[in-house]
Visitor: 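Mind having a look at this structure? Questions to follow.
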Amino acid sequence: VILVTGCNGQIGRVLVPALRARHGNSQVIATDLRGAVDRQLDVTDTAALLALLRELRPTQIYHLAAVLSATGERDPVRAWQVNLNGYFNVLEGAVAEGVERVFFPSSIAVYGPDVPREATPDDAPTRPSTIYGIAKAAGENLAAWYREKHGLDVRVLRYPGIIGWESAPGGGTTDYAVEIFHAAVKGETFVCPLSAERALPMLAMADAVRGTLDYMAAPREQIRRASGYNLGGFSAAPADFAAAIRSQCPSFQIDYQPDARDRIAASWPAGLDDRAAREDWGWQPHYTLERLSLAMLAHLGADYSAQQAAKA
Ligand code: VAH
């Protein structure tokens, strides 16, 4: 049995169906604080988490429950409780209940402004500027500690911004890269919270989920980095998304109004060096900015037209 926490988040909504397709519906137990779940679970409730692990005896845990970067800057106490204490509970419970493998999503947010920006390597120093990034960097070190001390196979990926048509993001600095496409298909002017040239590493949701499942299925001896791997896709700034959208929607309008999220993005890399993931376990992204933009507009455009037709 595979347990997923945070199943109703941006990644969880896509990862759970992909896990079910690979392992079978009955093998995946989707949990979250609220919404459509197999079991309700608050990862900060240690006793409830331990009781669920004892009942279900999962062999793997995908721990996706988290408070993202922008929200975390406004509510650091809650961000720390969920992002670190919740994760610590998962690791302690995994050891206590004999879980074989744990997935921990880290982020480019573990890097600060003192790293090579265009192709940040895995071994660049991690001096994060956000509460979210601090918790993720601590989480990477916890993964290495539990691997060393308990032999727990905790696997970590440093995700870039993730963009998909399948699910909505929530509370992140990179949410704009999904919301811009929704505005485009509705013919609305997009008010962008990042400045035009603010480039960040980005990745298609379909690539991120496929890469995560391939990584978790790789033989243990291929995983040579205990603290995890950068997972790269492409590098893009808001102006790049606007240009890709305009090639399909010539009348698309964008209004740049940088806010606190632009300052967070300014502390992050513009691009990732993910050679270690490619060499160690065969990582390979498939979506470029252009291909992803076409797919986003096609899927969201179809959804929007169907919604309009239903209202008519
Ligand atoms: C966020 N989507 O914006 C997340 C992610 C790299 C960005 O960590 O907080």
Side-chain angles (χ1 to χ4, degrees), residues 6 8-15 63-76 78-80 82-84 86-87 103-113 115 117 119-120 122 124 126-140 156-181 192-195 198-209 211-212 228-238 241 258-274 277 285 292 296:
N8 287 327
Q10 181 192 10
I11 296 171
R13 283 191 186 284
V14 187
L15 188 82
H63 178 55
L64 304 181
V67 170
L68 294 190
S69 57
T71 306
E73 290 303 280
R74 293 194 302 270
D75 188 352
R78 174 93 182 120
W80 193 261
V82 175
N83 293 6
L84 207 84
Y87 173 48
F103 176 68
F104 176 69
S106 185
S107 162
I108 60 165
V110 299
Y111 296 116
V115 300
R117 307 298 304 283
T120 305
D122 288 292
T126 55
R127 278 190 277 273
S129 308
T130 60
I131 290 288
Y132 169 80
I134 292 165
K136 288 296 186 186
E140 291 182 357
V156 180
L157 288 177
R158 289 180 182 155
Y159 284 146
I162 295 179
I163 306 169
W165 55 86
E166 309 91 332
S167 59
T173 298
T174 60
D175 295 4
Y176 90 89
V178 175
E179 293 157 358
I180 191 169
F181 289 99
C192 185
L194 269 60
S195 48
R198 187 73 67 201
L200 287 172
M202 294 285 181
L203 182 62
M205 175 67 77
D207 278 340
V209 168
T212 301
Y229 292 84
N230 287 345
L231 198 67
F234 55 86
S235 175
F241 286 106
D259 63 19
R261 286 166 287 186
D262 189 54
R263 288 188 292 281
I264 292 173
S267 74
W268 289 353
L272 290 182
D273 171 350
D274 60 359
L292 178 59
M296 288 292 281

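As the structure lists them, so they are numbered: ligands from 1, and atoms in each ligand from 1.
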Visitor: Sequence neighbours excluded, which residues qualify as salt bridge (charged side-chain N to carboxylate O under 4.0 Å, His left out) partners of Asp259?
Guide: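 Result, salt bridge (charged side-chain N to carboxylate O under 4.0 Å, His left out) vs Asp259: Arg261.
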Visitor: Quick one: which residue pairs count as a side-chain hydrogen bond (donor to acceptor under 3.5 Å, both in side chains) with a foot in residues 161-175, not counting sequence neighbours?
Guide: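 Matches after skipping sequence neighbours: Ser69-Thr173, Trp165-His299.
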Visitor: Please work out which of the three classes, parallel, tilted or perpendicular, describes the rings of Phe104 and His63, given edges at 30° and 60°.
Guide: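 Judged by the thresholds at 30° and 60°, the geometry between His63 and Phe104 is parallel.
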Visitor: Distance under 6.0 Å and angle within 45° of the ring axis: does Lys136 meet both against Tyr87?
Guide: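 No, Lys136 and Tyr87 do not form such a contact.
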Visitor: Under the ring pair (Phe, Tyr, Trp, His ring centres under 6.0 Å) rule, collect the residues that match up with Tyr111, sequence neighbours excluded.
Guide: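 Ring pair (Phe, Tyr, Trp, His ring centres under 6.0 Å) check on Tyr111 returns nothing, list empty.
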Visitor: Anything with a heavy atom under 4.0 Å from ligand 1 counts, so go ahead and list those protein residues by chain and number.
Guide: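 Answer by chain and number: Leu68, Ser69, Ser107, Ile108, Tyr132, Tyr159, Pro160, Gly161, Gly172, Thr173, Thr174, Trp268.
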Visitor: Check whether Arg78 reaches the backbone of Thr71 with its side chain - one donor and one acceptor, N or O, closer than 3.5 Å.
Guide: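 A pair under 3.5 Å: no.
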